[in-house]
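Let me begin by presenting the structure, written as structure tokens, before commenting on it.
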There are 2 protein chains.
Amino acid sequence: MTTGEARSAIRLSPMEVPKASDVLANELRERILSGEYPEGTPLPPERELVVQTRMSRTTVREALRILEVQGLIRIKAGRAGGAFVQRPGEESVASSLDLLIRGRQLRLASVHETREAIEPSCARLAALHRTAGDLARLEVTNEAIAASADLDAFLRANVDWHVAVATAGHNEILTGIMMALSRAIYTATNNEGFVNDEVRDITVRAHRSVTRAIKERDADAAVRRMTRHVHSYAAAALEVDERTTVAVPEED
Amino acid sequence: MTTGEARSAIRLSPMEVPKASDVLANELRERILSGEYPEGTPLPPERELVVQTRMSRTTVREALRILEVQGLIRIKAGRAGGAFVQRPGEESVASSLDLLIRGRQLRLASVHETREAIEPSCARLAALHRTAGDLARLEVTNEAIAASADLDAFLRANVDWHVAVATAGHNEILTGIMMALSRAIYTATNNEGFVNDEVRDITVRAHRSVTRAIKERDADAAVRRMTRHVHSYAAAALEVDERTTVAVPEED
DNA sequence: ATGCTAAATTGGGTCTGACCTTTAGACCAC
DNA sequence: GTGGTCTAAAGGTCAGACCCAATTTAGCAT
């Protein structure tokens, strides 16, 4: 229409030409994900893969590197070393979320929003599925908060408690997410001195009441209390945040 | 004492020797995450990095590959190609969650649990922040469900709607998570024929009512209705799952 | 036998240098 | 204009060597 364009009706979409290393990586990834190889199974040595695939060692190594970054294999050096199958764990989710948050310089509000969405459910699941060991961990970490001397110790222990709640829910997806969120909040809240004795006291009390609900397997109470706790924490953190950082550079 | 040992009081703890490529990758990653380089900034060509860092091209390339897998750079071949800074997006979170779910062969129940935890909040945020465009997308995708001919079309459109809800909430973290969960549920629900006209009808109606709440910015109703919808969907899917998969003999 | 040391072996990590392929751009021929 | 050809820039692949780390294992001293 606008210019000479439609001489032929044949249309093609842009086509992908995969790289050799990607091909290998994909093949191995599918095999690993299929569960064909149990955790810890050693992959063939690089030089062996070279002869099997007829690719160069460079290519093979790039493929392995990809899988390593994705958390699907673990690579050890030295004799009896090599690439070993590994099922991805919470950490890999946590680290990718971490990249998203840091890389996009996401508003702290997003993180808190997400947390408010997730933590109450974690509490609910914890109330339903917690074991005695989970409970012990909750109590230990909360005492650590009460005993925390400086800001950093407080935040660290705080993170531990929240992760412990997630863990007690025995849902690996939620646990992974919570780990990432906690880490992000930890680093974000660190440099500002909004933690005083009062805050710490309130926190400990709130944690105790949630813990009690989890102990008594009272799911509804756990949700309610956690919701309240997270919400007020978020509100407080946000307020401090607005006081300190004036303009958040927003775009798109 | 035991053997010649204590000639000096100096003690050292075991030390980590990071790999060269990791060092480079970490350095670049920090710079990128710091926001120092705006999106699209080209990194120096590989051969240039070689002379700057005095590492070999192999090492440089491994570092770049790491960053690429982490979604921090995009690499194009050809003249005017190279590595370009990219902020990680929802997809990277989605794919890592995907690996977790597939790799661990997580119980479908975990996925549904997570979804029940998250989607109501997505609905709430959507009700609060939706734009006119978001609303239009919700309606379009839901009509696509009603018009879907086969199972695959139904599931695909279904996923689209749910992702659209998350998108309308304008929280990138939750969006990423929802994308991954939807994908997982899509593949999990695919091969079983539990979708009949009745299911489709119920789904469309539920979606309509949620959409209406979002349209009217009624957050509470959105949460309530989405909770109900997701819960019943999960229950139905689980039931079918238990009926069909005694042992999962799937592979291609 | 026992226990320690030293060499051999296996395997990943790095380097070099070459060549191939893809892409953008320019120039030319029809 | 349309299409071919060439060139330069950049990533992709390859082959081969060497380096370093972790185990085994063989040998030797007690």
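These values consider heavy atoms only, across backbone and side chains, with no hydrogens, waters or symmetry-generated copies. Each chain gets a letter, A, B and so on, in the order its sequence line appears, and its residues count up from 1. From a predicted model like this one, the values you see are computed outputs, not experimental measurements.
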Separation of [X] atom [atom1] from [N] atom [atom2], in whole Å?
X: Asp22(B); N: dG12(C); atom1: CG; atom2: C1'; answer: 13 Å
X: Glu48(A); N: dG12(C); atom1: CD; atom2: P; answer: 11 Å
X: Ile75(B); N: dG12(D); atom1: CD1; atom2: C1'; answer: 11 Å
X: Arg74(B); N: dT23(C); atom1: CZ; atom2: P; answer: 14 Å
X: Arg61(A); N: dG11(C); atom1: CZ; atom2: C1'; answer: 11 Å
X: Lys76(B); N: dG11(D); atom1: NZ; atom2: P; answer: 11 Å
X: Leu64(A); N: dT13(D); atom1: CG; atom2: P; answer: 14 Å
X: Phe84(A); N: dG11(C); atom1: CZ; atom2: P; answer: 10 Å

Could you verify whether a donor N or O on one side chain and an acceptor N or O on the other, from Arg65(B) and Ser21(A), lie under 3.5 Å apart?
-> yes
Where do Glu46(A) and Leu49(A) land on the side chain to side chain contact (heavy atoms under 4.5 Å, CB included) test, with the steps shown first?
-> CA-CA 5 Å; Glu46(A) 295 178 354; Leu49(A) 285 175; 5.7 Å; no
Quick one: does Glu36(B)'s side chain get under 4.5 Å of Thr41(B)'s, heavy atoms only?
-> no
Decide yes or no for Thr167(B) and Arg137(B): does some side-chain heavy atom of the first lie under 4.5 Å from some side-chain heavy atom of the second?
-> yes
So CD of Glu62(A) and OG1 of Thr58(B): to nearest 0.5 Å the spacing works out to 9.5 Å
Checking side-chain hydrogen bond (donor to acceptor under 3.5 Å, both in side chains) against Ser110(B), which of Arg107(B), His112(B), Glu113(B) comes through?
-> Arg107(B)
Can you list every pair that meets ring pair (Phe, Tyr, Trp, His ring centres under 6.0 Å) and has a residue in residues 162-184 of chain B, with sequence neighbours left out?
-> His162(B)-His207(B), His162(B)-His229(B)
Give the B/S/- string for nucleotides 4-9 of chain D, one per nucleotide from 5' to 3', where a protein heavy atom under 4.0 Å of the base yields B, of only the sugar-phosphate yields S, and otherwise -.
-> ----BB
Heavy atoms only: give me the nearest Ser182(A)-Val163(A) pair and the separation to one decimal.
-> OG-CG2, 4.0 Å
List the steps, then state whether side chain to side chain donor-acceptor pair (under 3.5 Å) holds for Thr131(A) with Asp134(A).
-> CA-CA 5 Å; Thr131(A) 65; Asp134(A) 296 328; 3.1 Å; yes
DNA chain D: 5'-proximal contact among Lys19(A) and Val17(B) (nearest heavy atom) | Lys19(A)
5′-ward residue of the pair Gly81(A)/Glu62(B) relative to DNA chain C = Gly81(A)
Taking only N/O atoms, report every protein-nucleotides 15-18 of chain C pair under 3.5 Å with atom names and distance.
{"from": "dC15(C)", "atom 1": "OP2", "to": "Ser56(B)", "atom 2": "N", "distance (Å)": "3.0"}
{"from": "dC15(C)", "atom 1": "OP2", "to": "Ser56(B)", "atom 2": "OG", "distance (Å)": "3.0"}
{"from": "dC15(C)", "atom 1": "OP2", "to": "Thr59(B)", "atom 2": "OG1", "distance (Å)": "2.5"}

